[in-house]
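Some notes on the structure that comes next.
For the single chain, residues carry numbers from 1 onward in sequence order.
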Amino acid sequence: MMLRIFAWKAEDQDFTRETWRRYLSEDRLQKASGMKAGKARQLFLGAEILLNQSLERIGAQTAVPAAYTRNPHGKPYLCGKEGLYVNWSHSGDCVLLGLSDREIGVDLQRMEKEPGAGLIRKALQPEELVLYERTEETQRKSLFYAYWTVKESFLKAKGTGFAASLDTFYVNLEGPCPEVVPRDKKEPYTCRILEGIEDYAAAVCIQGAAEGLKEHPLIEWTGL
């Protein structure tokens, strides 16, 4: 099994500079030109830069910038690189990217806002609410974001995103590692919480059983 996780923070970066040009596709640049200058545009450009720098780092032997397509739900797939899967997420001023030899999803959320009661009822299943409600109030915010990032990384690994209903599975966080329990009992996925990004929650999920996957896979920070 191959799994590499990369991240960087975009503080004080200007990815419109010529320095970064070789890592950006014409399509990405064109779309960015229509965006208002600011953090959102920087993250949009930075995600593709991180993708291409990471492909270079693992020796993927692909052209830079790499070409990729998306499935009907927006999940990216590298062109001409069967057996190498990629997924990314950005939030706040940080971008997270995962590369694997099997279907993968990653999610990153800045733990800035307290989840409201409506969102909690919408996002958490009855099995999850049992743990949430018996958790001390001071710990509920981080628990909610742990649930959310595992859920979204799982749905991204499946390739459906939120086109799949949240009531088709639930997440068990009471063991040493997150367990996604599909209600249809189909193919298993292995998910892990990612640590090391202060004020953020993050998770990775890959297709199939992976008993050898570390409980907390290490995030490799880029040299940006």
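- Side-chain atoms of Thr135 never come within 3.5 Å of backbone atoms of Arg140 as a donor-acceptor pair (strictly under, hydrogens ignored).
- Using a 4.0 Å cut-off between a side-chain N of Lys or Arg and a carboxylate O of Asp or Glu, Glu103 and Lys75 qualify as a salt bridge.
- Judged by distance alone, with hydrogens and angles left aside, the side-chain atoms of Arg21 form a donor-acceptor pair with the main-chain N or O of Leu24 at under 3.5 Å.
- How far CE of Met2 is from CD1 of Ile206: 10.5 Å, rounded to the nearest 0.5 Å.
- Atom CG of Asp107 sits about 11.0 Å away from atom NE2 of His90, to the nearest 0.5 Å.
- Using a 4.0 Å cut-off between charged nitrogen and carboxylate oxygen, Glu187 and Arg102 do not count as a salt-bridge pair.
- Contacts classified as ring-ring contact (aromatic ring centres under 6.0 Å, His included) and involving residues 164-193 (residues at least two apart or in different chains) are given here: Phe154-Phe169, Phe154-Tyr189.
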### Task
Under the ring pair (Phe, Tyr, Trp, His ring centres under 6.0 Å) rule, what do Trp88 and Phe44 come out as? Steps first, then yes or no, please.
CA-CA 11 Å; Trp88 59 78; Phe44 180 77; 9.7 Å; no

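- For residues 117-131, the pairs satisfying side-chain hydrogen bond (donor to acceptor under 3.5 Å, both in side chains) are Gln125-Arg183, Glu127-Arg183, Glu128-Lys151, with sequence neighbours left out.
- Using a distance-only test at 3.5 Å, with no hydrogens or angles considered, a donor-acceptor pair links the side chain of Lys156 to the main chain of Val106.
- Side chains of Asp27 and Tyr68: a donor-acceptor N/O pair is absent below 3.5 angstrom, by distance only.
- Within a 6.0 Å radius of CD in Glu82, other residues, nucleotides and ligands contribute 12 heavy atoms or fewer.
- Taking all atoms of both residues into account, the shortest heavy-atom contact from Asn87 to Pro76 is ND2-CD, 3.8 Å.
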### Message
The test is ring pair (Phe, Tyr, Trp, His ring centres under 6.0 Å); show your working for Trp148 and Tyr132 and say whether it passes.
### Response
CA-CA 12 Å; Trp148 185 267; Tyr132 183 85; over 10 Å; no

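- Side-chain atoms of Thr190 come within 3.5 Å of backbone N or O of Ala210 as a donor-acceptor pair.
- Atom CD in Glu152 sits 6.0 Å away from atom OG in Ser89 (nearest 0.5 Å).
- Taking the six-membered ring where the residue is Trp, Trp20 and Tyr23 present tilted rings, their angle falling between 30° and 60°.
- Scored by the side chain to side chain donor-acceptor pair (under 3.5 Å) test, Lys158 finds no partners at all (sequence neighbours excluded).
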